[in-house]
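Written below as structure tokens is the structure these notes are about.
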Amino acid sequence: MPKFFVTTPIYYINDKPHVGHAYCTIAADVLARYYRQLGYEVLFSVGVDENAQKTVEAAAKSGAKSIQQYSTTMANIWQKTWDDLGISYDAFIRTTSPAHIQAVNNFIEAVTQRGDIYMGEYEGLYCVGCEEFKRPEELVDGKCLVHNRQSETVKEQNYFFRLSKYQTQLTDYIKANPGFIQPESRRNEVLAFIERGLEDISVSRSGKDWGISWPNDPSQVVYVWFDALINYLTAVGYPGKDYAKTWPADVHIVGKDITKFHCVMWPAMLLSAGVELPRMVFGHGFFTIDGTKISKSLGNAIDPIELTSTFGRDALRYYLLSEIPFGADGNFSHERFESVYISDLANDLGNAVSRTLAMISKYFDGNLAEVSGTLGDEVLYHEAMKNLRFEKALDEVWKIIKGVNQYIDAQKPWVLAKSDIKQLELVLGRVVADLRQVAKLLMPLLPDTSAKMTLALGAHKINNTVGILFPRINEKLE
Ligand code: MSP
């Protein structure tokens, strides 16, 4: 069976999930479901990034008994959110888990043996918000522009990773593999960044008591990004001997803010450890809410579950996937959310299904002869799905739905009912066949809707495997 491995970033637990995090996770879920439907053996991993400095701060503020206890509470909140959103993840990685700590230790050993780790003195600025060392030119009055918070001056003995050593190899790899960084705009940004020159990076912090201890040196903890990236290997059982059966990842889906970590630091780490590189890193865009940046202090860091309370989970998926071309920046507008729900989901799709079912029941008592559909070229849909252009895939499905509505309007079944019952049966049979195809194509994108349609249109069972066999509509539902 072919394999497919897709990942989301592992999110920081200093706060609850907001709709921006859900966006990335929903996109990965679409891919996981799509490849399962095609018959692939899929591994879809998600998780939480616990070993950050900001976990320590948030735990102290929360009044939790311990950082560990805070971490567990928050990890459960994140996992429950994905469960409530119907995210079909296979692995939920916690970076405080023994399996991950083991993977990090082995990985560091491999990189050390390669001669890529050395002890040096780090002097510079660290932004806890970004969990990143900053160059002075990236700060204004010592503050990072994203978090508007004062960076810390750090002067300490740290372990360094020879990132600079991989400059040429990385550039060559990215140039030789155009599909590695997607979309192309991100690829160009990353190439330009590398070409400005890579410096070795500090990959440990001293004097911290939260984090993974540096192997054989408990005075240092592993820098949180160095630890976090390795979660993708933890998910496949690294360093166990079978990890390469699932590795490399087919797609790391990440936001554009963290593309650099995934396209520079991570591949260099893998090259050093002698582990294959992921096949693709897709850096999606960021969206604002009603024109404003998502931020807790502005009060618009909306809980994704809240957004599903009125119209359901698929309404949120549909809006996020259709409204913001995947890869580009966009805006979440409450007004548009509602109007898109009414026009596309309720009117176009809802109407097509409900009037068809009503007519079958009215004119044929629920029994129709099986015929094949009229519409539906799936080639463009599959091309869009494979390229993560979810908005285009939805567009293809909506062409079929709109075609169904136009076909019904043109054939006027309510007239045929009086004049030509045989023709009416044929017309409705075709519509049903088209709507079954719609249900199949929507399965990865709008799983709840697809399942409901499949049931209503007369399928015996709903499953996620390839070739959902829609039985004849005149067989009674079980
Ligand atoms: N812990 C790191 C990732 C480590 S992966 C090895 C991290 N975590 S995070 O909690 O800050 O999550 C960042 C991710 O959340 C972004 O990359 C992006 O996927 C998502 N988003 C956060 N805000 C978003 C928007 N406003 N819009 C779209 N995506 C957003 O970085």
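In this chain, residues are counted from 1 in sequence order. All figures in this text were calculated on a predicted structure; none of them were measured in a lab. Indexing begins at 1, ligand by ligand and atom by atom, following the structure's order.
- Screening residues 196-219 for ring-ring contact (aromatic ring centres under 6.0 Å, His included), with sequence neighbours left out, gives Tyr159-Trp214.
- Close N/O approach between Ile258 and ligand 1 is not found [any backbone or side-chain N/O within under 3.5 Å].
- Phe261 pairs with exactly one of Phe193, Trp225, Tyr232, Phe226 by the ring pair (Phe, Tyr, Trp, His ring centres under 6.0 Å) rule, that one being Trp225.
- Annotation for Lys386: atom NZ counts as buried by contact number, over 12 foreign heavy atoms lying within 6.0 Å.
- From the protein, the heavy atom lying nearest to atom 11 (O) of ligand 1 is Tyr12 CD1, 3.4 Å.
- With a 4.0 Å cut-off on non-hydrogen atoms, Trp225 touches ligand 1 through its side chain and not its backbone.
- The protein heavy atom nearest to atom 28 (C) of ligand 1 is Gly285 O, 3.6 Å.
- Annotation: atom 6 (C) of ligand 1 to nearest protein heavy atom, Tyr232 OH, 3.5 Å.
- Ligand-side atoms of ligand 1 in range of Ile294: 26 (N), range being under 4.0 angstrom from any heavy atom.
- Separating the OG atom in Ser164 from the CG atom in Leu170 is a distance of 11.0 Å, to the nearest 0.5 Å.
- Remark: minimum distance from atom 12 (O) of ligand 1 to any protein heavy atom is reached at Tyr11 CD2, 3.3 Å.
- Contacts between Thr8 and ligand 1 below 4.0 angstrom, taking non-hydrogen atoms only, are absent altogether.
- Within ligand 1, the atoms closer than 4.0 Å to a non-hydrogen atom of Cys24 are 19 (O), numbered from 1 in the order shown.
- Relative orientation of the Trp78 and Trp82 rings is perpendicular, given thresholds of 30° and 60° on the angle between their planes.
- Under 4.0 Å from ligand 1, not a single heavy atom of Lys293 appears.
- Nearest protein heavy-atom contact of atom 30 (C) of ligand 1 is Gly20 O, 3.5 Å.
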Pair Arg389-Glu391, salt bridge (Lys or Arg N to Asp or Glu O under 4.0 Å): steps then yes or no: CA-CA 6 Å; Arg389 298 304 304 267; Glu391 75 290 353; 2.6 Å; yes
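- Listed here is the closest heavy atom pair of Arg94 and Ala75: NE-CB, 3.7 Å.
- A cation-pi geometry, defined here as NZ or CZ lying under 6.0 Å from the six-membered ring centre and within 45° of its normal, holds between Arg205 and Tyr126.
- Taking atom 13 (C) of ligand 1 as the reference point, the nearest protein heavy-atom neighbour is Asp257 OD2, 4.1 Å.
- Inclusion of His284 in the set of residues having an N or O under 3.5 Å from an N or O of ligand 1 is warranted.
- Protein heavy atom closest to atom 3 (C) of ligand 1, with residue, atom name and distance, is Ile10 O, 3.2 Å.
- The protein heavy-atom contact nearest to atom 27 (N) of ligand 1 is Phe287 N, 3.1 Å.
- Residue contacts with ligand 1, taken as heavy atom pairs separated by less than 4.0 Å, involve His18 solely via side-chain atoms from C-beta onward.
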Full working for ring-ring contact (aromatic ring centres under 6.0 Å, His included) between Trp247 and Tyr238: CA-CA 9 Å; Trp247 189 262; Tyr238 175 91; 8.6 Å; no
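- Checked against Tyr23 for a ring pair (Phe, Tyr, Trp, His ring centres under 6.0 Å), the options Phe326, Phe332, Tyr319 give a single hit: Phe326.
- Those atoms of ligand 1 with a heavy atom of Ala228 less than 4.0 angstrom away are 6 (C).
- Seen from the ring of Tyr12, Lys54 counts as a face-on cation partner, given the 6.0 Å and 45° thresholds.
- Remark: ligand 1 and Asp49 share an N or O pair separated by less than 3.5 Å (distance only, no angle test).
- Ligand 1 has no nitrogen or oxygen under 3.5 angstrom from a nitrogen or oxygen of Val254.
- By the neighbour-count criterion of 12 heavy atoms within 6.0 Å, atom CD of Glu338 is sparsely surrounded, having that number or fewer from other residues, nucleotides or ligands.
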